[in-house]
2 protein chains.
Amino acid sequence: MKRKVALKDIAKELGVSTALVSYVMNNQEEEKGVNKESALKIREAAARLNYRPNQIAKSLKTNKTHTIGLIVADIAYRFTTGVTRAIEAEAKKNNYTVIFGSSDESNKKFHELANVLINRQVDGLILVPVENSEQEIEYLQKHDIPFVLIDRYFPGLDANMVAIDNYKAAYQCTAHLVKTGHRNIAFVNYKTTLFHLQERNRGYRQALQDNGIEPQPGLVIDVREKHLEEDVRKGIKQVMALNPAADSVFFATDILAIHGLKNINAMKIKVPGELGVLSFDESEAFELFSCPVTHGRQPIEDIGKLAVTTLLDLVANNKVKRRIVLESDFIKGKSCGE
Amino acid sequence: MKRKVALKDIAKELGVSTALVSYVMNNQEEEKGVNKESALKIREAAARLNYRPNQIAKSLKTNKTHTIGLIVADIAYRFTTGVTRAIEAEAKKNNYTVIFGSSDESNKKFHELANVLINRQVDGLILVPVENSEQEIEYLQKHDIPFVLIDRYFPGLDANMVAIDNYKAAYQCTAHLVKTGHRNIAFVNYKTTLFHLQERNRGYRQALQDNGIEPQPGLVIDVREKHLEEDVRKGIKQVMALNPAADSVFFATDILAIHGLKNINAMKIKVPGELGVLSFDESEAFELFSCPVTHGRQPIEDIGKLAVTTLLDLVANNKVKRRIVLESDFIKGKSCGE
DNA sequence: AAATTTGTTTTAATCGTTTAAAATAATATT
DNA sequence: AATATTATTTTAAACGATTAAAACAAATTT
């Protein structure tokens, strides 16, 4: 790469000081009382020499990188692509750039990534925390590093966050299955300590109880993340072999639903005729299924946008404390019957 | 954010110079002949004070940011998530970070993003160029900014690139449809000047001709990106209304295929019975379709990996010229019949 | 004892900006 | 004409690191 044109070069070209050039390049000619003609000359020379301010040098001086670090759980999740897009758009609106990395649900990677981003002096972090990452979060708090958690959070930690009410959403989903005539409602969820997913369990159970249905342990399928395909397959088989068999399945995430529906297809089970299906999150894939899949929908754009605005408030004035809980939508398809 | 611990602070703490600390922190104690005891003391103090080197300052001095700028076309594409993940992984292996942005197929955004990334002094760029971005590419070349194009490229520009042979892949796909007994093969593609997509048209036509089938203009559906849903819907209706009607459809991208299949579902057309279907790229969504969709598969991981290694070679020694053309796979489903 | 060698550490300039304070020039006021 | 005011520009230190060159100290050789 050729050496870049620096402030100094423009200054030398015109026989003025770098200070003057700096003022003009930052549009401070008014406050700093720069002569109009000088400003014009400087602008002209900057354009002619194709000057591009070195953000690195700028950052070093101002101690602001205008960069947000984003750690997502897995780039393949629909939630991730949606929220990343929203974050990027909102960041750009505020003249911020996003540096991004994926933890792939690994606590080690999460820690390493946080380190890398902090060393790069990002102004703040937006995080989808992984299982057992409380320590890392506490470290950030202790060191006054501005951050916002999204999607997931830890009830014991008093951190800024933007998420949905998972309990309520799961409650509503389950209640809908009951209302559409189902009583043997299976529930497929990851086997995890992540609070937001446990909240979905709680919502499921409570909705059943409130409708006079005793939760059946046999209808709850715990899926190990590492054995996703296997556990979903076995789980579906299992609940269909019960007596009485499951009359519906509630999937706690879109990924689980996709794998579940694949198996349901393979087993030639009719939806909604033989089995009602409901997914917590949506997926583009649902559109190719034999019938429209009823599902919840998180306000992903809002989550991303609010995460950025909260973070930027935090960066500007670190007194902010916000725990934003959003409502999630419910999209009626035909997979639960009428 | 609290003021960070700097080299200076460690130096002051121990009453030594920053140079010594710097040598130790960069593991150069051997070459620079630092006393073992001093090194130990320095390491201990660094750990105790929780020193984190300021990458910004480092970059300013070394003129290397260890950062790759990545501009993708749209974060919602499967190609994007796959290739981004591969790029990120390979970058990390080489101690590089990825800064990333999405052009959303807009030339203006593409230009702005390139600017932002260059100002941030990325060491190099990996680009999925958009329509009419030749100028921007030429600008990069003129200014010796290291970059690698992926997925798409311009035949007239002699740039480093990693992509598949779109002509050949499309040829093979079309030939497969012929071999499975189809003769009225519709082709759905974007209406675009992008070379890689035109190559798919060329492959389609040539395969037909080589099999003694005269290409029918009425079977080719041009989809405007801005009117994706509408044009796909009308297009499918149109080719099914022909006399003779289309007996199969070849979709030039996964997104087109998803929208096509959605309509095929809605129109209750049986696949492969009434209509053969083939998609150029794969999608997770295909797994929920009533039958496994036959499709091409790009070696996405290889593309990402090779893009990074090529770029890093380029950064290290700017004499590299590489035009890497990879083969694409073909996954036989059941959507074309036997 | 002086000179040399070896081992260890410091000095100081530099990267490209920003910015408060000082300096200079031009004009207005007395 | 001396002084004050205003307009414009420059100086120089700083951000936090790197690194060649110089400096110092101790040990070895002459």
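Listed pair Lys8(B) / dC15(D) meets the phosphate criterion, a side-chain N or O lying under 4.0 Å from OP1 or OP2. Between Asn26(A) and dT18(C) there is a side-chain polar atom (N or O) within less than 4.0 angstrom of OP1 or OP2. Considering only side-chain N and O atoms, Ser22(A) lies under 4.0 angstrom from the phosphate OP1 or OP2 of dT18(C).
For the pair Ala19(B) and Thr18(A), nearest-nucleotide mapping onto DNA chain D gives the more 5' position to Thr18(A). Where Ser17(B) and Ala57(A) meet DNA chain C, the nucleotide closest to each residue was compared, and Ser17(B) sits on the side nearer the 5' end. Both Lys32(B) and Thr62(A) sit near DNA chain C, but only Lys32(B) has its closest nucleotide nearer the 5' end.
When heavy atoms are screened at a 4.0 angstrom cut-off, Ser38(B) is found touching the sugar-phosphate backbone but no base atom. Within 4.0 Å (heavy atoms only), Lys61(A) reaches at least one base atom of the nucleic acid.
In this structure a side-chain-to-backbone donor-acceptor pair under 3.5 Å is missing from Asn50(B) to Ala46(B). Distance alone, capped at 3.5 Å, places no donor-acceptor pair between the Gln298(B) side chain and the Ala163(B) backbone.
Rounded to an integer number of Å, the gap from Leu40(B) CG to dT9(C) C1' is 17 Å. Atom P of nucleotide dG16(D) and atom CG of Asn119(A) are separated by 14 Å, given to the nearest angstrom. In this structure, CG of Asp9(A) is placed 9 Å from P of dT17(C), rounded to the nearest angstrom. In this entry the distance linking CZ of Arg52(A) with P of dC15(C) reads 21 Å, nearest Å.
Interface remark: the Tyr23(A) side chain does not form any donor-acceptor pair with the dA7(D) base, using a distance-only criterion of under 3.5 Å.
From Asp158(B), atom CG reaches atom CD of Glu138(B) across 11.5 Å, with rounding to the nearest 0.5 Å. For the atom pair CD1 (Ile71(A)) and CG (Leu127(A)), the distance works out to 5.0 Å, reported to the nearest 0.5 Å.
Comparing atom distances between the Val34(A) side chain and each of dG16(D), dT9(D), dT10(C) picks out dT9(D) as nearest. Closest to the side chain of Asn35(B), out of dG16(C), dT18(C), dT9(C), is dT9(C). Of the candidates dT11(C), dG16(D), dT17(C), the closest approach to any side-chain atom of Tyr51(A) belongs to dT17(C).
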